[in-house]
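Single-structure report; data block below.
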Amino acid sequence: MLKIYFSAEDILRTRVAPAADPVWELVLSLHLLPGRGRDPLLAGWRRSVTRALRQGVGSPGLRLLLSLNPPRGYFPDFLTPHQSVSGFEAGMEAVRSTPVSLLQRDLSLLATGHTLPAGAAALARGEPDTLRDLTGAMAQYRDLAIDPYWARIQAAVEADRSRRARALLDGGVEGLLASLRPAMHWESGVLQVRGYPHSRELHLDGRGLLLVPSFFCAPTPVALLDPALPPVLVYPVDRLGGLLPTPAEGAGPGTPDTGREALAALLGRTRAAVLAVSDDGCTTGEVARRLNISPAAASQHTTVLRNAGLLVSHRDRNTVLHTLTPLGRAMLNS
């Protein structure tokens, strides 16, 4: 179990990442890629990415990237720098600028449980060409495995952020931390992460905690091993149906065009109003009250919008929270 200790100052400085973190999503997706028979929502994504990677697996940078990210256990802290909160390029620049001492420490820890490829020695010396090859491979992998699905990843993370925002408004930061159940338990200034592979204690010491909602995070939340780094806790979000092909990605031959049928059902003022009130997140009951319609009608309209890919819905106990997908927000803004 991981126990994270908060002071009053830490509570004030705790926050949720402003969006899906592209570097964390990239690294964590690598850990899920080899899985077989699990995570059925990711099966199509896994097959597609695996086929694409076979064409470029001879790249030294790609081989190094895959070896640094085993399916289980430790992976290097330097691959997910704090700067990635500002975007992918900021994260890649931070990786290329990693001090040699940190590279050597992280690779030594990884080598205790895994065999490293020959390129790891040059990486440990901080050779610029090797670091450029590594970040180039990360960009290549991102093009294959992350970017084509980014709208869906963002939608799932944004839906979770809406849940946390409501918890924050209702109960402050302690309400936010309490909302992270069942994977985590908040009580008396301590956030306990259940199922963590090692027994650890993390004292925030006034730095606060950055909570990073992640589509590709496994069921157990992830923290950096180095307690001196800015404290981060990455936790899984509801995958909202997985990474099925979207109209922008193209449907294969013979795939039913269900999106057009669902969108045709959107015509009408009431559904447009439902879309509008869901802009900042809205429960089914709130939709009914704001639009002066019955709860049954509100449920019917949100179902149609969800089937059309314009809303995502997340159940929390006895309520269902609806938020806009990127497509839904684009339609509303237009």
Side-chain angles (χ1 to χ4, degrees), residues 20-35 46 48-148 150 197-198 200 210 212 214 216-218 222-232 234:
D21 187 304
V23 179
W24 271 106
E25 296 294 353
L26 184 158
V27 169
L28 293 177
S29 75
L30 283 163
H31 303 165
L32 299 181
L33 192 59
R46 186 179 291 116
S48 176
V49 174
T50 300
R51 283 196 301 267
L53 283 177
R54 289 195 187 108
Q55 301 175 11
V57 76
S59 160
L62 189 55
R63 287 200 305 269
L64 180 58
L65 176 63
L66 293 171
S67 70
L68 294 176
N69 289 278
R72 295 181 183 85
Y74 174 78
F75 63 95
D77 284 349
F78 77 84
L79 289 175
T80 52
H82 186 76
Q83 291 89 334
S84 66
V85 73
S86 299
F88 183 76
E89 292 304 327
M92 293 301 92
E93 181 58 33
V95 171
R96 287 189 290 268
S97 303
T98 305
V100 171
S101 60
L102 296 185
L103 292 170
Q104 292 176 346
R105 182 204 61 186
D106 286 3
L107 292 172
S108 295
L109 287 171
L110 183 62
T112 60
H114 302 278
T115 301
L116 300 184
L123 180 61
R125 293 192 296 270
E127 294 186 4
D129 287 347
T130 303
L131 284 163
R132 281 194 294 269
D133 286 345
L134 176 61
T135 55
M138 294 175 77
Q140 177 188 1
Y141 177 82
R142 180 196 185 202
D143 291 341
L144 295 173
I146 304 298
D147 278 359
W150 190 243
H198 307 290
R200 283 183 57 197
L210 176 64
V212 180
S214 168
F216 283 108
C217 186
V222 177
L224 298 173
L225 184 63
D226 186 351
L229 292 173
V232 172
V234 185

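Nothing fancy with the numbering, it's 1 onward along the sequence. All figures in this text were calculated on a predicted structure; none of them were measured in a lab. Every heavy atom of this structure was used, including side-chain atoms; hydrogens, water molecules and symmetry mates were not.
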- Task: Could you walk me through whether Asp77 and Arg105 pass side chain to side chain contact (heavy atoms under 4.5 Å, CB included), step by step?
- Result: CA-CA 10 Å; Asp77 284 349; Arg105 182 204 61 186; 4.2 Å; yes

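- Interatomic distance, Phe88 CZ to Met138 CE, rounded to the nearest 0.5 Å: 6.0 Å.
- In this structure, the side chains of Val222 and Cys217 come closer than 4.5 Å at one or more pairs of heavy atoms.
- A distance of 12.0 Å separates CZ of Arg46 from OG of Ser48, quoted to the nearest 0.5 Å.
- Taking all atoms of both residues into account, the shortest heavy-atom contact from Phe78 to Val95 is O-CG2, 3.6 Å.
- Nearest heavy-atom pair, Pro81 versus Val23, reported as atom, atom and distance to 0.1 Å: CD-CG1, 4.4 Å.
- Using a 4.5 Å cut-off on side-chain heavy atoms (C-beta onward), Leu134 and Leu79 make contact.
- Proximity of Glu25 to Ser214: side-chain heavy atoms (C-beta onward) are separated by under 4.5 Å at one or more points.
- Leu62 contributes atom CG, which lies 8.5 Å from atom CG of Leu144 (distance to the nearest 0.5 angstrom).
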- Dump the intermediate steps for side chain to side chain contact (heavy atoms under 4.5 Å, CB included) on Phe216 and Leu30, then the final yes or no. CA-CA 9 Å; Phe216 283 108; Leu30 283 163; over 6 Å; no

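- With rounding to the nearest 0.5 Å, the separation of CG in Leu66 from CG in Leu53 is 6.5 Å.
- Checked against Leu64 for a side chain to side chain contact (heavy atoms under 4.5 Å, CB included), the options Leu123, Asn69, Leu116 give a single hit: Leu123.
- The two atoms that bring Leu225 and Tyr74 nearest to each other are CD2-CE1, 3.7 Å, heavy atoms only.
- For the residue pair His82 and Pro230, the shortest heavy atom distance occurs at ND1-CB, 3.7 Å.
- In terms of heavy atoms, Ala124 sits closest to Val100 at O-CG1, 3.5 Å.
- To the nearest 0.5 Å, atoms CD (Gln83) and CE (Met92) are separated by 10.5 Å.
- Across every non-hydrogen atom of Ser67 and Pro70, the tightest pair is O-CD, 4.1 Å.
- Distance CG/Leu107 to OG1/Thr112: 11.0 Å, rounded to 0.5 Å.
- Put simply, the side chain of Thr130 never gets that close to the backbone of Gly126: no donor and acceptor are under 3.5 Å apart.
- Distance alone, capped at 3.5 Å, places no donor-acceptor pair between the Ser97 side chain and the Ala94 backbone.
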